[in-house]
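Ligands are counted one by one from 1 in listed order, and the atoms in each one are counted from 1 as well. The basis for the numbers below is simple: all heavy atoms, side chains too, and nothing from hydrogens, waters or symmetry mates. The chain is numbered in sequence order, starting from 1. Every value quoted in this text rests on a predicted model; they were computed, and no experiment measured them.
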Amino acid sequence: MPRPSHSATAAVTAFKDVIQRHIRYSLAKPPRDLSGSEWFRAVALAVRDLLVDRMLETEARYEHADAKRLYYLSLEFLMGRALGNNLNNLGITNLCRAAADEMGINLEAVRGTEGDAALGNGGLGRLAACFLDSLATLGMPGYGYGIRYDYGLFRQEIDNGYQREKPDNWLAEPSPWLIERPGEACAVPVYGAVSGGANAHDHARGVWTNWRIIVGVPHDMPVVGYGGHTVNFLRLYSARASDEFDIAIFNDGDYVRAVEQKLTSENISKLLYPSDAVAAGRELRLLQEYFFVACGLRDIVQRYLRRHTAITELPSKVAIQLNDTHPALAVPELMRILIDEHSVPWEAAWEVTQATFGYTNHTLLPEGLEMWPVALLERVIPRHLQLLYEINRRLLDHVVQVSPGDTERLRRVSLIEEGAERQVRMAHVAIAGSHSVNGVAALHTELVKTRLVPDFFALWPERFNNKTNGVTQRRWLLSANPALAQLITEAIGDGWVTDLEQLRRVEPHARDAAFRHDFLKVKQANKEHLAAVIKATAHETVDPHSLFDVQAKRIHEYKRQLLAVMGIVDTYLALVEDGVVPLVPRTHVFAGKAAPGYRVAKQIIKLIHNVGAVVNSDPIAREHVRVVFVPDYRVTLAEQIIPGADLSEQISTAGTEASGTGNMKFAMNGALTIGTLDGANIEILAEVGAPNIFIFGLTAEAIDTMRRDGTYHPRDYYERDPRLRRVVDALYSDRFCPHEPGLFREIAAALLERDDYFHLADFAAYVAAQERVGREFTNHKAWARKAILNVARMGKFSSDRTIREYATEIWGIRGI
Ligand code: 26Q
């Protein structure tokens, strides 16, 4: 062991001093009285001091270079914990640990007390968080803009196998990472009416009156890149009622109405909507979307105008990315700013708007496409509706020019869906108002072009492009799996931390018996850790030498947790009824939240628990199969589950999962994938090679054809396959719900009658693929080789690569 140098010990002392200063002057307590979470606060505040210094330096650097900036507008940022990540990226983990040791506290325990910032539902929100890490690591001026929800995604508790939601009051103790900036608060008008304004001849300058003011207060969370050179920020707005406006009503003597209005205003940033696919058409959600977009654009335009005068040159210094359609009201809002506040003529304003925005689509599911009733927009943001009408009029004029007489096409392209209730199609707004439209995996982008919006693709093919998702290896490998990270670094150096393609150099080590041995040792230790997590949370003792088969993601019919359950039921019945013993003992690990209003998803959670109860209590079956559900899946739990997986389940119906990002995290941590030809699985297959992944099931094209022609009859599969029949019959019977007869009948009946997600069509192929998995797992050497090759071939799936592509092909920004 080298002795710490004098300057190292001096740095430890200095850092310790900063922590002690915060204990005294920020917490105002003597150190001996501190609780665990107070230690966290003191350490975090000391780290924050460093972040603030570098954030100010970073801003000066950008300012000096007059750099073009990227603003990532998103209703969701699923950040997880920050302390460990900030220490790692600043490169001061060891220094901080030494300082903590000298004060007699354990850094890992302190890190363990931090709660997750769970301001997101799943994939889309976590992608935004990975992007912020990559932007900062690449030294690029890129900022997140979102909402500082009082309540993040609900905590999941399980009661008798049923999901129960508990509020996530994450700001009960204020976050040390958030820097409130009341001085930069902004005012946003809502409700009221417009007079004059848009019509065919005079579309400019409507006058919006009688609005109510909502105040947005920014809170900045510093985002440090690896190496600590760059600190960007995530700007989150909370909503406050406006004092002045209250005073007006107070003066009218209507005290109660004034207080009521104050409450509604402050509700806007109260909670994250917990749905990740079904667009909840609620007024409060619309207010959220408009509120944060309006705050963000004011801020962006203001920052631009501090140094520049020509508002029409905005796109030379500003790029704005719309994370799905949730922030798509930015399109009419920027038009309003340009036209109403800067007197820019329509044509020029529209050019500026299109050159500024890019739009990313994250879903093909029809129920995921956002639509807002025209009548609601009319009431809440009348001026924006007027502008949308004018955008639509010009769009439809253009369509008439290029395909005269095609009224069907006009109906399909329109921003407005005509029907009993007229609705605005937000995807059309986003596409029309952007110069770039991208999908998040190769297959997904093709389906956006051919299935989702073929008319727009015909109109503007040059706008459409693919940006395959990625994840940050700093959080998902270096920090979540330090033992594997160290093994890799010992083999190839640490260049992979900022250049994931370097993992290729691990490939030759897959043939090295000693390396394989070390790799398996690391995996085994991670499995033992996961077994301890399972014990502590699901209260089940599992064998860490069994195959850990993991499906961790939001619960959704299209993700087909039900197919995995059917596979388990098949194994169980074959064992107890036919005496067929599986080749390897398995532990099936499930984790994930269901949207509170999604009945079927909640039934699936109950089914997993009930199948687990039957299998785990059967003295014979439990020796071969175990089923556990780990409650409250979130970033911090993912960091503990993923490194301990042998097998990663990515089994969505082909053509439904836009990309998936969990698939990348598991493979990067040396799990093999069992998966369909869906989303980024297809690209993972291309990278790792067919022998190193278990692919099964129908293609998106085959499923598309069956859907179109109405040729899918699930009952045919049921009648022809006795194994499948036995499984469906067992679900239909009370075998897994003896105390609640008929509980799963609805699920079984839906499988037979509709099976919207083709479980029955893929069942036989899934079971066969799982049998291959079992066979191959018995050969430890071959399995280790394949797992190592998976790690070595994950270079493409770094969010650094994704961000470089966005930066050069869409945003026109660069590292400074
Ligand atoms: C919309 C309107 C009202 C309320 C909620 C929503 C809403 C919220 C969240 C709709 C959708 C979402 C989230 C979608 C999502 O997470 N999509 C996932 O995005 C990932 C990143 O691109 C992909 O990897 C996943 O395949 C995709 O499912």
**Message:** Applying side-chain contact (heavy atoms from CB on, under 4.5 Å) to R560 and Y766, what does each step give before you reach the verdict?
**Reply:** CA-CA 11 Å; R560 296 201 296 194; Y766 177 61; over 6 Å; no
**Request:** Give me the ring orientation class for H556 and Y558: parallel if the planes are under 30° apart, tilted from 30 to 60°, perpendicular past 60°.
**Result:** tilted
**Message:** Side chain, backbone, both or neither: which applies to V440 and ligand 1 if a contact is any heavy-atom pair less than 4.0 Å apart?
**Reply:** side chain
**G368-ligand 1 polar pair, N/O distance under 3.5 Å** = no
**Message:** Any nitrogen or oxygen of G122, side chain or backbone, less than 3.5 Å from one on ligand 1?
**Reply:** no
**Asked** Considering A277, G662, S275, which one's heavy-atom position lies nearest to atom 5 (C) of ligand 1?
**Response** S275
**Request:** Would you kindly specify which portion of W372 sits under 4.0 Å from ligand 1, judged on non-hydrogen atoms: side chain, backbone, both or neither?
**Result:** neither
**Prompt:** Any N/O of K559 closer than 3.5 Å to an N/O of ligand 1?
**Reply:** no
**Asked** Hey, is N469 touching ligand 1 through its side chain, its backbone, both or neither, going by heavy atoms under 4.0 Å?
**Response** side chain
**Message:** How close do V293 and P327 get, counting heavy atoms only, and between which atoms?
**Reply:** CG2-O, 3.5 Å
**Item:** Contact (N/O only, under 3.5 Å) between H362 and ligand 1
**Value:** yes
**Prompt:** For atom 18 (C) of ligand 1, what is the nearest protein heavy atom, given as residue, atom name and distance?
**Reply:** L124 N, 4.0 Å
**Prompt:** So does F457 have more than 12 non-hydrogen atoms from other groups sitting under 6.0 Å from CZ?
**Reply:** yes
